[in-house]
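Let me begin by presenting the structure, written as structure tokens, before commenting on it.
None of these values were measured; they are calculated from a predicted model. All chains are named by letter (A, B, ...) in the order of the sequence lines, taking the proteins before the strands, and each is independently numbered beginning at 1. Only this structure's heavy atoms are used, side chains among them; waters, hydrogens and symmetry mates stay out.
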Amino acid sequence: MALEVMAQAQTPIALDISFRVDPGELLALVGHSGSGKTTLLRCIAGLSHPEAGRVVVGGTTWLDTTAGVNLPTHRRRVGVVFQNYALFPHMTAAQNVMVAMVSPDRAEAARLLDLVNLHSLSDRKPAQLSGGQQQRVAVARALARKPQALLLDEPFSAVDRPTRETLYAEIIALRASLAMPVILVTHDMNEAQLLADRMVVIEQGRVVRQGSTAQVMADPDALRAMGIREVAAMLPATIAEHGSDGLTRLDGPTGALYLAGVSGPVGAQVRVRIMAHEVILSRARPEGLSAQNIIAGVITRIVQGVGPGAMVHIDVAGHDLLARITRRAADQMHLAPGDAVHAIVKSMSVARDHVARAPTHRD
Amino acid sequence: MDWTALFLSLQLAGWTVVFLLPVSVLMGRLLAYRRFRGKGLVEALVMLPLVLPPTVFGFYLLVAFGRNSPLGDLWQTLFGHQLVFSFQGLVLASVIFNLPFAIQPAQRGFESIPVEVREAARCCGLSPMAALWRVDLPLAWPGVVTAMVLTFAHTLGEFGIVLMVGGSIPGETKTIAIAIYDRVQGFDDKGAATMSAVLVAISLFTIALTYWLSARVGRRLS
């Protein structure tokens, strides 16, 4: 059931891309607007047609320009969540879901709406639903076709930040029940890093880098395409205690982390995204510092960029923490692989939406 | 009051609507969704009856339907009577001169459906036919109905082309608009006034219906 994609085109946007997504895997296609990621998604759905291309999913060929195969969109079993959801305005939530079924089944529609936490609103029309609720209907509708591949085109971009955090959690929870390949198109590196297993970074219609999320996030070439300020490490942690002062203690391989604005029950597994440019390094364990998080680790490598910066990779109990510091600082401190250092992370430097529930079914 | 003429007008308008309904839906949808070479020309041709003087348009139809034209010839051999100055000829002329009224509002109706909604229909596995019934028409129907109402009303009121192509044969081609003209020519002002009032009432009702429907389109898609 893997999805294999190859596409080459000159119009509407230059494309020369190939990649593969395994069943149950969530692949993020990341790139700036105009990089071709949405066009690529449209090629998979059959809404755009590349000059040369091949799309095969689970042994079914949707597109093969050399063999002259090009199934129309309605004959491809694909689930698509559009950026603005594109719900049918004249139908209720339940009807929107049922219209995508081969044989409409009210009970199945109710189950799908339950799955996206929307059951009680199944008789509402899209105009009576909030953005987040509409997005949930769109996800349920996309799943109603029992798709061989699920395509999400910037599905979180039209909702506000608190809603987005909830939706992230829901998508992460939902993934446990998804057996098909999933592609998420996004320009948001945080979103990609929190949700995706693998990433394909696209720039001007070409793949800059593809690999596991951790690999891509540690690769300067990939990050040059996305913006070096997006470099971040992802650390696993468990919610240990919500303090009365609003700070939450998280336990993990890094020791205790104190972060603000974390929601979720005690004991919940989360992933914390720590931005490389927010991390300060110190050789000695600093005293008298306001920062609440001091993480001890060992430098594994230092990658010099072309500019004034250097990326320091620090091993923290088997996890890679990234610190982007100046070359000047690295030289002054005589930092070298093998050195023990302390990474300092301000509680307030980790944004609310940089903490998300960890996927439960994989790894 | 010339009831025969009124009945004939209503019949003519009814048949015109019957023939133009599928044209309205299919052409309206085609022009709204597709981009193709010569689309501008097709749209201009559709709009042409709106700007041409009825006499000019009627003259060309008369020539095209006439006994020496291929179409007139074919009709004569098939049905044994000529196409011009017959009710059938009038229906055909009416179908042609109503094209702008039948297509434009429907096209606007289909155009008001967001592209992503149409694409979502295809991604939901709906064939083009299924999408027409379940998504396009439920969203664009006020446009189509407006088109049909305008076609109906406009057929009742058309004078010049009907006179050119149909002449004024009672019970065959003498519509109410022509009957009114005849009454005025015959100094029967009272008869003309009654029939005019009936025509005003019908037209006013249909136009009001159109406005009410277009307000609905706006509400449905907002």
Between [X] and [Y], a side-chain donor and acceptor under 3.5 Å:
X      : Y     : result
B:T155 : B:N98 : yes
B:Q107 : B:E43 : yes
A:N70  : A:R76 : yes
B:E116 : A:N84 : no
A:D64  : A:T66 : yes

Whether the side chain of [X] engages the backbone of [Y] through a donor-acceptor N/O pair (distance < 3.5 Å, no angle test) should be reported.
X      : Y     : value
A:R198 : A:E25 : no
B:H154 : B:A13 : no
B:K39  : B:L31 : yes

**OP:** Answer yes or no: is there an ion pair linking A:R111 with A:E108, defined by an N-O contact shorter than 4.0 Å?
**Re:** yes
Original post:
Under a 4.5 Å heavy-atom cut-off, does chain B meet the side chain of A:R77, its backbone, both or neither?
Top reply: neither
Who in [range] is close to chain B, using a strict under-4.5 Å heavy-atom cut-off?
range                       : answer
residues 95-102 of chain A  : A:V99, A:A100
residues 46-62 of chain A   : A:G46, A:L47
residues 136-164 of chain A : A:R141, A:R145

**OP:** With sequence neighbours excluded, give me every side chain to side chain donor-acceptor pair (under 3.5 Å) pair touching residues 17-35 of chain B.
**Re:** B:R29-B:D136, B:Y33-B:D136
Subject >> B:L20 vs B:L99 side-chain heavy atoms within contact, under 4.5 Å >> reply: yes
**OP:** Answer whether the closest heavy-atom distance between the side chains of A:T92 and A:R124 falls below 4.5 Å.
**Re:** no
Original post:
Is it the side chain or the backbone of B:A130 that comes within 4.5 Å of chain A heavy atoms, both, or neither?
Top reply: neither
Original post:
Does CZ belonging to B:F36 count more than 12 external heavy atoms closer than 6.0 Å?
Top reply: yes
Original post:
Are B:F79 and B:W75 an aromatic pair by the rule of ring centers under 6.0 Å?
Top reply: yes
